[in-house]
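All remarks here apply to the structure that follows.
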Amino acid sequence: MTEPITGGRAAADADWWRQAVVYQIYPRSFADANGDGIGDLPGITSRAGYLADLGVDAVWLSPFYPSALADGGYDVDDYRDVDPRLGSLDDFDVMIKALHDKGIKLIVDIVPNHSSNRHEWFRQALAAPKGSPERDRYVFRDGLGERGELPPADWTSMFGGPAWTPVGDGQWYLHLFAIEQPDFNWRNEEVRADFLTTLRFWSDRGVDGFRVDVAHALAKHLPDDLPSETELAAMDKATGTHLLWDRDEVHDIYADWRRVFDEYDPPRIAVAEAWVNPPWRRARYASAEGLGQAFNFDLLEADFDAGAFRRIITDNLEQAADSGSSTTWVFSNHDVIRHATRYGLPPNGDQPRRSGRAWLLSGGAEPALDAAAGLRRARAATLLMLALPGSAYLYQGEELGLGEVADIPAQDRQDPTFFRSPGVDVGRDGCRVPIPWTTGGDSFGFGDDGAHLPQPEWFGGLSVEAQEGDPASTLALYRDALALRRELQTTEALDWAPSGPEVLHVKRAGGWEAVANFGAGPAPLPEGEVLLASGPVEGGELPPETTVWLRTTA
């Protein structure tokens with residue numbers, strides 16, 4: 001087992017996360033070492049050199065725990081073990097050593113809002129009577145009607161369908177997500193203590209930080225008379241008093257976590273997945289007394305638009321300064337349509353959360369996708385994002401320019417959203433298709449015997465093998481950008497230079513700048529040495545939908 005990191009150089013490295021490049025690995029779809037069609041921890045170990053060559057500072061590892069995969073691993077059976085299909089604890093130790101030997105930190109996903117329905121505690125809860133300590137670890141309520149045959153409320157889960165499920169004795173349990181994901185009761189001290197044990201378990205194995213799933217949902221207040229779905233939806237989410245989401249007392253939980261993180265040298269870090277509104281409520285999650293950092297998903301939800309980008313960048317840098325944290329930037333992850341595809345579809349306007357849903361429902365037929373424009377815009381947006389202060393979170397495969405896979409047959413789909421929302425939402429499988437390493441083979445080098453989600457033929461042309469040695473490839477752009485970023489990055493300051501309405505021009509300390517043209521026509525290119533560009537640049541003009549990094553001559 002990896003020993004905790006203490007003293008010396010580590011103490012000086014406590015702020016490594018503030019401007020880190022973090023690469024998200026969805027382990028079942030990254031690399032399959034044993035040829036069973038499912039990615040695994042030895043597969044990640046085998047690709048440590050690739051990650052180092054890419055130039056990332058850390059890996060964020062999505063859930064690898066024992067799971068029935070009712071929600072892609074976010075239904076956890078045991079928080080202190082490895083799914084045997086993905087490896088073992090010994091494999092985990094080998095993997096983290098391989099990453100650390102390459103100078104790469106490891107952030108692991110933790111899922112504290114709910115366990116799986118196969119978790120030992122939930123099995124005990126089902127076997128125990130009403131009012132028992134075993135049931136108090138979860139959110140159980142008596143049903144309505146003479147025999148409790150009706151749900152306590154008409155709430156809908158995030159994946160569609162009812163949020164309450166009966167257990168046969170007049171009681172029902174709450175699951176804000178899938179039926180297989182019962183919600184913990186975070187008022188229970190045993191739940192709180194057990195998660196502190198889990199944090200120490202992984203920290204002692206050398207884990208550098210945690211990504212906290214649904215961080216804004218842990219604290220709940222359920223009165224005797226539950227509101228209806230309509231009443232619940234109308235409740236104010238800006239005051240910290242909503243019954244389910246972003247309650248102020250959730251920060252008491254994270255204060256306890258922070259005390260655990262600070263037992264280590266350097267302190268373990270955490271980043272919150274906290275969907276909050278208004279955005280300023282993220283600050284407490286990102287504070288030094290709490291988790292330390294929080295995702296902002298504003299760029300992920302924005303159209304490719306200069307005004308929207310400038311507003312989002314300005315607002316989030318201000319929010320980060322107020323919290324004392326650094327901000328986060330992200331375009332793609334395991335829950336959303338890949339941004340190379342989003343940017344090739346018509347703008348979303350005032351419905352950002354529905355980005356690409358109609359296109360997915362049509363199997364990728366309508367509206368028409370301009371894949372070339374989508375990739376061009378994605379490259380430009382990413383190069384601008386990598387020039388910003390703060391942490392950059394990348395999703396596996398985006399460095400290859402992968403687009404969303406829309407035409408997965410129904411019989412091959414896995415996401416519970418697809419099964420619980422027929423005709424409304426096809427789910428997230430399209431961004432979770434195993435990534436291609438080679439131009440051919442049964443699974444394009446993912447493994448020796450196929451892949452758990454079908455890969456399209458066009459994946460081969462975007463594989464690592466296809467792009468190696470091509471200086472114009474998206475893989476080369478990412479590698480060059482991350483290497484330059486590490487060389488150029490200094491303070492977290494940013495200044496805006498004057499520019500036209502379709503152009504963003506940012507200046508960073510140390511004499512380097514980034515200029516992004518969001519328009520359909522060329523724009524003047526400022527004077528300076530071009531260090532890197534997202535597309536071809538010639539003469540004194542910046543082409544449409546292109547970003548450049550410059551070293552100023554002054």
Side-chain angles (χ1 to χ4, degrees), residues 15-16 18-21 54-57 298-299 302 304-321 326-329 331 376-394 399 471-554:
D15 289 337
W16 66 267
R18 294 190 66 92
Q19 297 197 77
V21 174
L54 184 59
V56 301
D57 299 302
D298 300 341
L299 285 182
F304 185 78
D305 177 83
F309 268 56
R310 177 161 184 157
R311 182 171 57 255
I312 289 166
I313 293 167
T314 300
D315 289 349
N316 281 284
L317 289 176
E318 290 176 353
Q319 292 167 26
S326 65
T327 195
T328 58
W329 309 111
F331 287 120
R376 184 171 61 250
R377 293 164 187 161
R379 287 166 58 104
T382 297
L383 195 58
L384 174 62
M385 179 267 279
L386 290 173
L388 302 176
S391 293
Y393 282 79
L394 312 178
E399 76 278 13
S473 69
T474 301
L475 178 58
L477 175 66
Y478 271 71
R479 285 174 172 170
D480 292 344
L482 297 192
L484 260 178
R485 186 181 193 271
R486 182 171 293 179
E487 175 186 330
L488 297 171
Q489 197 75 279
T490 54
T491 69
E492 294 177 38
L494 176 148
D495 292 316
W496 292 101
S499 60
E502 297 295 328
V503 175
L504 296 184
H505 185 171
V506 301
K507 294 187 174 185
R508 297 295 308 277
W512 68 293
E513 305 175 4
V515 189
N517 181 7
F518 287 77
L525 182 65
E527 292 186 6
E529 176 192 359
V530 175
L531 301 175
L532 189 62
S534 65
V537 174
E538 296 180 1
E541 289 188 328
L542 180 59
E545 302 173 340
T546 302
T547 297
V548 297
W549 288 4
L550 302 169
R551 179 176 283 120
T552 57
T553 57

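Treat the numbers as computed from the prediction; the structure is a model and nothing was measured. What's counted below: heavy atoms across the whole structure, side chains too, no hydrogens, waters or symmetry copies.
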- Measure the shortest side-chain to side-chain distance between T327 and E492 over non-hydrogen atoms and say whether it is less than 4.5 angstrom. no
- Note on the structure: Scanning both residues in full, the closest heavy-atom pair of V503 with V515 reads CG1-CG1, 3.7 Å
- Item | Sidechain-backbone polar pair: T546 side chain, L542 backbone, donor-acceptor under 3.5 Å | no
- Indicate yes or no: at least one non-hydrogen side-chain atom of F331 is less than 4.5 angstrom from one of L394. no
- Flag the pair D480 / W549 as yes when at least one side-chain heavy-atom distance between them is below 4.5 Å, and no otherwise. no
- Task: Grab the two heavy atoms, one from P544 and one from A520, that are nearest each other, plus how far apart they are.
- Result: CG-O, 3.3 Å
- Item | Smallest separation among heavy atoms of R18 and S326, with atom names | O-OG, 2.8 Å
- On a heavy-atom basis, the closest approach of A523 and N517 is N-ND2, 3.6 Å
- Message: Give me the atom names and distance for the closest heavy-atom approach of L550 to E527.
- Response: CD1-O, 4.3 Å
- Nearest-0.5 Å distance, CG of residue L525 to CD of residue E541: 9.0 Å
- Query: Does L488 reach the side chain of R508, with side-chain heavy atoms less than 4.5 Å apart?
  - Reply: no
- Query: So how far is it from L384 CG to H505 NE2, rounded to the nearest 0.5 Å?
  - Reply: 11.0 Å
- Test side-chain contact (heavy atoms from CB on, under 4.5 Å) applied to L475 and L54, step by step: CA-CA 8 Å; L475 178 58; L54 184 59; 4.2 Å; yes
- Step by step, would you call L388 with F309 a side-chain contact (heavy atoms from CB on, under 4.5 Å)? CA-CA 12 Å; L388 302 176; F309 268 56; over 6 Å; no
- Query: Between L386 and W512, what is the shortest heavy-atom contact and its length?
  - Reply: O-CH2, 4.5 Å
- Item | Pairing of D57 and R486 as salt bridge, 4.0 angstrom limit | yes
- Task: Side-chain contact test, heavy atoms from C-beta onward, threshold under 4.5 Å: evaluate it for D305 versus F518 and give yes or no.
- Result: no
- Query: Which value, rounded to the nearest 0.5 Å, describes the distance between L532 atom CG and L383 atom CG?
  - Reply: 5.0 Å
- To the nearest 0.5 angstrom, please state how far the OG atom of S534 sits from the CZ atom of R377. 12.5 Å
- When rounded to the nearest 0.5 angstrom, what distance separates CG in L482 from CG in L477? 9.0 Å
- So CD of E513 and CD of E529: to nearest 0.5 Å the spacing works out to 12.0 Å
- Can you find a pair of side-chain heavy atoms, one from D315 and one from D298, that are under 4.5 Å apart? no
- Item | Any side-chain heavy-atom pair of W329 and I313 under 4.5 Å | yes
